[in-house]
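Take a look at the structure set out below.
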Protein chains: 2
Amino acid sequence: MEKIFQEAVNDAQVIAPFQSHGHDHGQCVVEAIAAAESRCEKDGSSFTPLRRKVLELVWSSHGPVGAYEVLEKLRSSRRNAAPPTVYRALEFLMEHGLIHRIESLNAYVGCGDPARRHGGQFLICRDCQSVAELDDRAIDRAVTRRADALGFDVEQQTVEIIGQCADCSARGDNDGE
Amino acid sequence: MEKIFQEAVNDAQVIAPFQSHGHDHGQCVVEAIAAAESRCEKDGSSFTPLRRKVLELVWSSHGPVGAYEVLEKLRSSRRNAAPPTVYRALEFLMEHGLIHRIESLNAYVGCGDPARRHGGQFLICRDCQSVAELDDRAIDRAVTRRADALGFDVEQQTVEIIGQCADCSARGDNDGE
DNA sequence: TTCTATATGTTATAATATATCATATTTTAA
DNA sequence: TTAAAATATGATATATTATAACATATAGAA
């Protein structure tokens, strides 16, 4: 059981697992910023202070963050920030694969592996709101097979799975609910 | 090629295929209403004239329809309809599996098989906006396997695939784009 | 340096969704 | 059969999410 779990986590198809409560989140942010710098340099696009700040704010947790939540936090450093300030930065970050949008929550989450291009597959815990990002080939293959059989040309996959993560399940949060 | 396509379409895992332009859509609506009546009777819930009308409006096409689009159409028969009028009806229809919400479009689409409970898997054509509804066991299994391996308990799957349907591809709509 | 493209500021408004309380209708059950 | 309770709809207001449009500033290219 534990072994299967470890295999699943260590697998490259799990881009970002659920994080333990006590993990060093500052380190996550540092790594995300570094990866973003590297990605933007490669793309020849400018990773401005505003964009960096917005990325940091999205990374303020491993959970999805709303645009207006980002805006509110942003205002402590930029008093006159307005919705377009945030939405434009978010758009940039998405175009460069630095964040993903969770459609079912109208919210955004940092990408765990901006070096590699990939669509979004997410497990979202309904209790702690944390998100695990996947790039599961079996899911991708199943989708592609069916689409092919129907002559449908896939351009973008949105896979968002809501449920309860292992930690919350163990803690017994709302179990039967 | 054609054979594979037919197998895919006839398969029960394709709940509602892309519809040809010339199909008898009135018949689709009639069948959807009949299925809804039967479903609500089974559930012991009341399929009121308002709810019926809203369902008909969602079924006005095989594409996703926005809540305010439904509202506008609804107003020709109910002059004083307001947003809550529509949203409450949509909520009812979703609870009873008569429609699905397409998260990535903030829109709603009629369910092709309300008799059977299922989550949503959709192929959405970016050109003609039509939607094919799936209940693909391979996709479901791939998702469940990965979730199980991570100790994640799945409650709700959202699978929304954007791309180009076979018809639009054949017609050459925006092909290289 | 001047032109051009890119990025941000600023104001206004669009699009989507819900809260709340009032009224009407249906169902339950005494 | 009628009063109470539950359900459904009406009506108004407002919350939440997102974009349009135009002005200004800044960075790179010619």
Side-chain angles (χ1 to χ4, degrees), chain A residues 36-37 39-41 43-58 63-96 98-109 129 158 160, chain B residues 36-37 39-41 43-58 63-96 98-109 129 158 160:
Chain A
E37 254 158 9
R39 167 97 243 170
C40 287
E41 185 151 9
D43 292 357
S45 61
S46 64
F47 190 53
T48 64
L50 173 62
R51 289 163 177 174
R52 170 191 304 252
K53 185 70 192 173
V54 169
L55 181 58
E56 281 174 15
L57 292 172
V58 170
V65 183
Y68 278 75
E69 202 177 333
V70 169
L71 176 57
E72 206 173 306
K73 288 174 178 172
L74 181 60
R75 277 183 166 145
S76 55
S77 53
R78 299 204 168 216
R79 265 183 53 256
N80 50 2
T85 313
V86 166
Y87 280 100
R88 287 192 288 226
L90 292 172
E91 191 184 10
F92 172 91
L93 296 171
M94 286 208 289
E95 276 166 0
H96 293 273
L98 304 175
I99 63 174
H100 296 285
R101 178 176 160 82
I102 307 291
E103 295 292 349
S104 56
L105 299 173
N106 296 333
Y108 305 82
V109 68
Q129 274 74 57
T158 299
E160 296 173 9
Chain B
E37 254 158 8
R39 167 96 242 172
C40 287
E41 186 149 11
D43 293 357
S45 61
S46 64
F47 191 52
T48 65
L50 173 62
R51 289 162 176 175
R52 169 189 306 251
K53 184 70 192 171
V54 168
L55 182 58
E56 281 173 16
L57 292 173
V58 170
V65 184
Y68 279 75
E69 200 177 335
V70 169
L71 176 55
E72 206 173 306
K73 288 175 176 170
L74 180 62
R75 277 184 165 144
S76 56
S77 53
R78 297 202 167 217
R79 265 185 50 258
N80 51 2
T85 314
V86 168
Y87 280 101
R88 286 191 288 226
L90 292 173
E91 190 183 11
F92 172 90
L93 297 171
M94 287 207 288
E95 275 166 0
H96 294 273
L98 304 174
I99 62 174
H100 295 284
R101 177 175 162 83
I102 308 290
E103 296 291 348
S104 56
L105 299 173
N106 296 331
Y108 305 81
V109 68
Q129 273 74 54
T158 299
E160 296 173 8

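The chains referred to below are lettered A, B, ... by the order of the sequence lines, with proteins before strands, and numbering in each begins at 1.
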I'd like to know if B:Y68 reaches the base of C:dA17 with its side chain, counting only an N/O donor and acceptor under 3.5 Å. yes
Nearest-nucleotide pick for B:P84, side chain only, options being C:dA17, C:dT10, C:dA19: C:dA19
Side chains of A:T158 and A:E103: do they bring a donor and an acceptor to under 3.5 Å? no
Whether the side chain of B:R78 and the base of D:dG10 hold a donor-acceptor pair under 3.5 Å is what I'd like checked. no
Would you mind telling me which residue lines up with the more 5' stretch of DNA chain C, B:Y87 or B:S46, judged by nearest nucleotide? B:Y87
Under-4.0 Å side-chain N/O to phosphate OP1/OP2 contact, B:R51 with D:dA8: yes
In terms of side-chain heavy atoms, does A:N106 have a donor or acceptor partner in A:R101 at a distance below 3.5 Å? yes
Close approaches to DNA chain C from residues 69-76 of chain A, in residue order (heavy atom, under 4.0 Å): none
Please classify the nucleic acid contact of B:R79 as base, sugar-phosphate, or nothing, using heavy-atom distances under 4.0 Å. nothing
Are any non-hydrogen side-chain atoms of A:E160 and B:E160 less than 4.5 angstrom apart? no
Quantified as the angle between the terminal helix axes (five pairs each), what is the overall bend of the helix from C:dT1-D:dA30 to C:dA30-D:dT1 to 10 degrees? 30°
Results of salt bridge (charged side-chain N to carboxylate O under 4.0 Å, His left out) for B:R88 - residues two or more places apart only: none
